[in-house]
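Remarks on the structure that follows.
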There are 2 protein chains.
Amino acid sequence: MKTLKQMDRGALSDALDHAGQRTTPQREMVFSILLDERNHPTADEVYTRTKSRMPTISMATVYNCLEALVTCGLVKQVNIEREPTRYCPNLSPHAHFHCRETGRVYDVPVPEGMMKDLVKVLPGNYSADSVELVFRGHLEKGKTK
Amino acid sequence: MKTLKQMDRGALSDALDHAGQRTTPQREMVFSILLDERNHPTADEVYTRTKSRMPTISMATVYNCLEALVTCGLVKQVNIEREPTRYCPNLSPHAHFHCRETGRVYDVPVPEGMMKDLVKVLPGNYSADSVELVFRGHLEKGKTK
DNA sequence: AATTTGATTTAGAATAATTCTAAACTATAT
DNA sequence: ATATAGTTTAGAATTATTCTAAATCAAATT
């Protein structure tokens, strides 16, 4: 896929606009890269991929664009154990699974309302606006369920 | 508290021994510092506190000691959003709450078996050996429950 | 008791992800 | 057309952590 779908393009400029930020070719390209291959790339990986299609872009701009996308709510940062930050455009509630063998990170959809239920373990004066759930382990091959 | 309780001292040398590592004054001191004030200090904070009682210790040694304690299972690393790694000697199952206002991290005990239940959201070929649950938000003052 | 062995400690250098800085560029508003 | 403000860019700076190599220490062996 080479460019942003009309739908995503609209979502992007709406979201940026709403946050008082401009829609730029670099931001569109970075967003498109993230949507294209949703394997939780690091800033460095995003830089490499983006550069292949927009050779003049700089690392600083990639960081800037990623930050803009995070700020306007279209992208989430995923941090696993002090490894470089990864970027994830999946906005539906999900957990992450970190494979010790490959280092890859997978989205794990969680049932409706589960994240809500989790906050019930908090004492009454703890008010949480975000819940992060990360599993670590390995993938067993050949076993689907 | 100035030194390690007899119980903790035993647990420490047992655990180190089991991992093929020696019990040293530096490791005892760092462990004692962690047990003394359980507020999830960073390596830097551990260094400062340790230095006040053992002025010759170096930063590298603090990192070495913390790593030894983690390796032998007495201490857990807590990573929140690419902030410096924090160290936590609480071995019972618990979640963490990260206050956006103060930056402090609190342990939140979770009911027996809850962590076990969480892994059930994983597809059958995902095998998890650790579950991490982090809440982010703020503490409401004056409200206890 | 002296010596070898291997682990540990230490200071300082190196690394690496990220942020900062200041100048150049761009687009929009005036 | 011009001014204004946001954005991009290269490169420097920052910072937590790891690495390196020498010095120290403790246990095991002679």
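Since the model is a prediction, treat every value here as computed from it, not as a measurement.
Contact check of residues 17-27 of chain B against DNA chain C (heavy atom, cut-off under 4.0 Å) returns B:Gln21, B:Arg22, B:Thr24, B:Gln26, B:Arg27.
Rounded to an integer number of Å, the gap from B:Asn64 CG to D:dA22 P is 18 Å. Atom CD in A:Glu67 sits about 15 Å away from atom P in D:dG6, given to the nearest Å. Between the OH atom of A:Tyr47 and the P atom of D:dT8 there is a distance of 14 Å, given to the nearest Å. Between the CD atom of B:Glu28 and the P atom of D:dA26 there is a distance of 12 Å, rounded to whole Å. The distance from atom NZ of A:Lys51 to atom C1' of D:dT9 is 10 Å, rounded to the nearest whole Å. Taking atom CE on A:Met29 and atom C1' on D:dT8, their separation rounds to 15 Å, with Å as the unit. The distance between atom CG of A:Leu16 and atom P of C:dT28, rounded to the nearest whole Å, is 13 Å. Taking atom CD1 of B:Ile80 as the reference point, atom P of D:dA16 lies 16 Å away to the nearest angstrom.
Relative ring orientation between B:Tyr106 and A:Tyr126 is described as perpendicular, the plane-to-plane angle rising above 60° on a 0-90° scale split at 30° and 60°.
The NE2 atom of B:His40 lies 3.5 Å from the CG atom of B:Asp107; values are rounded to the nearest 0.5 Å. Note that CE of B:Met7 and CG of B:Leu12 are 11.5 Å apart. Values are rounded to the nearest 0.5 Å. Here the CZ-CZ distance, from A:Arg104 to A:Arg86, works out to 10.0 Å after rounding to the nearest 0.5 Å. We find the CE-CG distance between B:Met29 and B:Asp36 to be 10.5 Å, quoted to the nearest 0.5 Å. Interatomic distance, CE of B:Met54 versus CD1 of B:Ile33, reported as 9.5 Å (0.5 Å rounding).
With respect to the salt-bridge test (charged N to carboxylate O, under 4.0 angstrom), the residues B:Arg100 and A:Asp129 qualify.
Counting only heavy atoms from C-beta outward, the side chains of A:Val134 and A:Ile80 approach each other to under 4.5 Å.
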Can you pull every protein N or O that's under 3.5 Å from an N or O on nucleotides 17-19 of chain C?
residue, atom, partner, partner atom, Å
C:dT18, OP1, A:Thr85, N, 2.8
C:dT18, OP1, A:Thr85, OG1, 3.0
C:dT18, OP2, A:Tyr63, OH, 2.5
C:dT18, O5', A:Tyr63, OH, 3.3

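Residues meeting the ring pair (Phe, Tyr, Trp, His ring centres under 6.0 Å) test with B:His98, sequence neighbours left out: none.
Contact check, A:Ser58 against D:dT8: no side-chain N or O comes under 4.0 Å of OP1 or OP2.
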